[in-house]
Amino acid sequence: MDFQLTEEQKLVRDMARDFARNELLPRARKHDAEGKIDPEVFAMLSELGLWGLTIGEEYGGAGMGNLELSLVLEEINAACASTGVTVSVHNSLLGAPIKRFGTPEQMQKWLPGLATGATIGCYCLTEPNAGSDAAAIVTSAKRSGDGWKLDGTKVWVTNGGIAKLAIVYARTNPDVSKAKGISAFLVPLDTPGVKIGKTEKKTGIRGSSTTEIIFDGVELPADALLGEENKGFMIAMDTLDGGRIGIASQAIGIGRACLDASIRYAKEREQFGRPIGEFQAIQWKLADMSTRLDAARLLVHRAALIRDAGERVSEAAAKAKLFASQACNYAADECLQIHGGAGYTDDFEVERLFRDARITEIYEGATDIQRIVIARSLMA
Ligand code: CAA
């Protein structure tokens, strides 16, 4: 087994690291406070090709794989998790399913805009009564002329307020059991009948946009259907397999930022006449944080390589997300503890990291959902 990155992978990681340190880190607090990402950051992500990292070169993307995406997401998230989730969702939850399930015409139509960031993407699965139980969605798409008419409300849509294109999951056959009657649709968000609803005020990742989206009698052409009719739940789940690798990479990035902040503070802060980093109690915390994050990175890179090899990655991605999000929250908790009272104020970045870390155990499948996916795979 080769644990070394190729020269190209090191280059893309270092490019993302420089961008994250020089451009994102100085803006992270502002993104959090203002509830939005600086428009200049969107332009820089375009210039660096990070919106289209995994989109094929023939469509204007960088043609890279999930491992490269994971390396980039770790760097971005170590600086600004709001920007991190925005880029992750765009790449893994919209670019990827079009690439995997789209017709040549759909790819030609949508991938070039997604690759440059001219079109930002979002993923509409969750509904008020269908969160962890995703197959319970009630948004409907009924035949209308040659096309479809879409009605329903989606919630917790990451990028909802900034996206131009959504993948929307809707029930196309109400007469069959839950997962079997769902289809996927590509919906431009300037279509009449689409309304962006409430913006969520979140505990963390506050710079990212999370909204409700309402579809009220939205007429769609026949070619809005992605993949086969009534096979959309499989697309939703396959897409989340990839997305979970992205969120696991986010978790490592946030966790790494917590570790770095803890090391810095442990060297600076003096108590009982010496830096607190000289106490074994603090050293053990640092050792455990680092070990868990390294183990998480191995699981995440393994999952990315399995996905890139074209094999089913559900179990490996769920393990990566489960472990990485827990390692991240452990690191955030210990980081705050090491900072003591100072960490409980907004004088230090740990307060933001602690809030950002928490979502990694919730979205793209909560921790217990990952356990379900893993256990079902073991028992199959
Ligand atoms: N790939 C391909 N097919 C899959 C699959 C996968 N990963 N997972 C399931 N399927 C197929 C199954 O094989 C099955 O097909 P058959 O009936 O033909 O055998 C069908 O899909 C139904 O599968 P299940 O019986 O497992 O479905 P379920 O209703 O029991 O649900 C679940 C399983 C794992 C709990 C699923 O509902 C789930 O993942 N829930 C969590 C939802 C989630 O992660 N939401 C995140 C929202 S997006 C988000 O958070 C983005 C963001 O903002 C950042």
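All ligand and atom numbering here is 1-based and tracks the order in the structure. Because the structure is predicted, anything quoted here is derived from the model rather than measured.
Protein heavy atoms are absent from the 4.0 Å sphere centred on atom 12 (C) of ligand 1. There is a protein heavy atom closer than 4.0 angstrom to atom 54 (C) of ligand 1. Distances from atom 32 (C) of ligand 1 to the protein include no heavy-atom value under 4.0 Å. At a distance under 4.0 Å, a protein heavy atom can be found next to atom 36 (C) of ligand 1.
Atoms of ligand 1 lying under 4.0 Å from at least one heavy atom of L93, given by number and element, are 51 (C). Atoms of ligand 1 found under 4.0 Å from any heavy atom of S314 (numbered from 1 in listed order, with element): 6 (C), 7 (N). Every atom of ligand 1 is numbered from 1 in the order shown, and the set under 4.0 Å from a heavy atom of A135 is 29 (O). Near A179, meaning under 4.0 Å from any of its heavy atoms, are these atoms of ligand 1: 22 (C). Close contacts of ligand 1 with Y123, meaning ligand atoms under 4.0 Å from a residue heavy atom, involve 48 (S).
For Q250 and Y363, the side-chain atoms include at least one donor-acceptor pair closer than 3.5 Å. S325 and E361 form no side-chain donor-acceptor contact under 3.5 Å, judged by distance and modelled atom types alone.
Of all protein heavy atoms, the one lying nearest to atom 47 (C) of ligand 1 is T126 OG1, 3.4 Å. The protein atom (non-hydrogen) at minimum distance from atom 9 (C) of ligand 1 is M237 CG, 3.8 Å. Atom 50 (O) of ligand 1 has its closest protein heavy atom at E364 N, 2.8 Å. Given atom 3 (N) of ligand 1, the protein heavy atom at minimum distance is M234 CG, 3.4 Å. With hydrogens left out, the protein atom closest to atom 52 (C) of ligand 1 is T158 OG1, 3.3 Å, a heavy atom. For atom 21 (O) of ligand 1, the closest heavy atom belonging to the protein is F233 CD2, 3.5 Å. The protein atom (non-hydrogen) at minimum distance from atom 39 (O) of ligand 1 is R244 NH2, 3.1 Å. Distance from atom 34 (C) of ligand 1 to its nearest protein heavy atom, with residue and atom name: V373 CG2, 3.8 Å.
For the pair E200 and K202, the salt-bridge criterion is not met [side-chain N within less than 4.0 Å of a carboxylate O]. With salt bridges taken as basic N to acidic carboxylate O contacts below 4.0 Å, none links E270 and R274. Taking the charged nitrogens against the carboxylate oxygens, D238 and R307 do have a contact shorter than 4.0 Å, which makes a salt bridge. Classification of E229 and R143 as a salt-bridged pair holds, one side-chain N sitting under 4.0 Å from a carboxylate O.
Residue-level proximity to ligand 1 for S132 is carried by the backbone, the only part with a heavy atom below 4.0 angstrom. The proximity of T210 to ligand 1, defined as any non-hydrogen pair under 4.0 Å, does not occur for either the backbone or the side chain. Under 4.0 angstrom from ligand 1, the non-hydrogen atoms of V89 all belong to its side chain.
Of the listed residues (K180, R312, K178, E315), the one carrying the non-hydrogen atom nearest atom 16 (P) of ligand 1 is K180. The closest heavy-atom contact to atom 42 (C) of ligand 1, among the options G131, C124, A318, comes from G131. Evaluated by nearest non-hydrogen atom to atom 43 (C) of ligand 1, the leading choice among V313, V157, L240 is L240.
For the atom pair CD1 (I162) and NE2 (H90), the distance works out to 9.5 Å, reported to the nearest 0.5 Å. In this structure, CD1 in I359 is found 7.5 Å from OG1 in T210, a value given to the nearest 0.5 Å. We find the CD-CD1 distance between E75 and I252 to be 10.5 Å, quoted to the nearest 0.5 Å. Here the straight-line distance linking atom CG of L11 with atom CD of E68 works out to 11.5 Å at 0.5 Å rounding.
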With a cut-off of 3.5 Å and sequence neighbours excluded, list every side-chain donor-acceptor pair involving residues 188-197.
unit_1, atom_1, unit_2, atom_2, d
T191, OG1, P188, O, 2.5

Check residues 330-344 and write down every donor-acceptor pair under 3.5 Å in which the side-chain atom is one partner and the other belongs to a residue at least two apart or another chain.
unit_1, atom_1, unit_2, atom_2, d
Y330, OH, E334, OE2, 3.3
E334, OE1, K285, NZ, 3.2
H339, ND1, C335, O, 2.8

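Within the structure, ligand 1 lacks I372 among the residues with a heavy atom less than 4.0 angstrom away. The shell of residues lying under 4.0 angstrom from ligand 1, judged by heavy atoms, includes R376. Distances from ligand 1 to the non-hydrogen atoms of I247 include no value under 4.0 Å.
Under the 6.0 Å cut-off for aromatic ring centres, Y123 and Y169 qualify, their centroids lying closer than that.
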- Go through E127 and T139 one step at a time and tell me if the side chain to side chain donor-acceptor pair (under 3.5 Å) criterion holds. CA-CA 8 Å; E127 297 180 4; T139 290; 2.7 Å; yes
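Applying the side-chain contact (heavy atoms from CB on, under 4.5 Å) test between V89 and each of L94, T158, I120 identifies T158 as the sole match.
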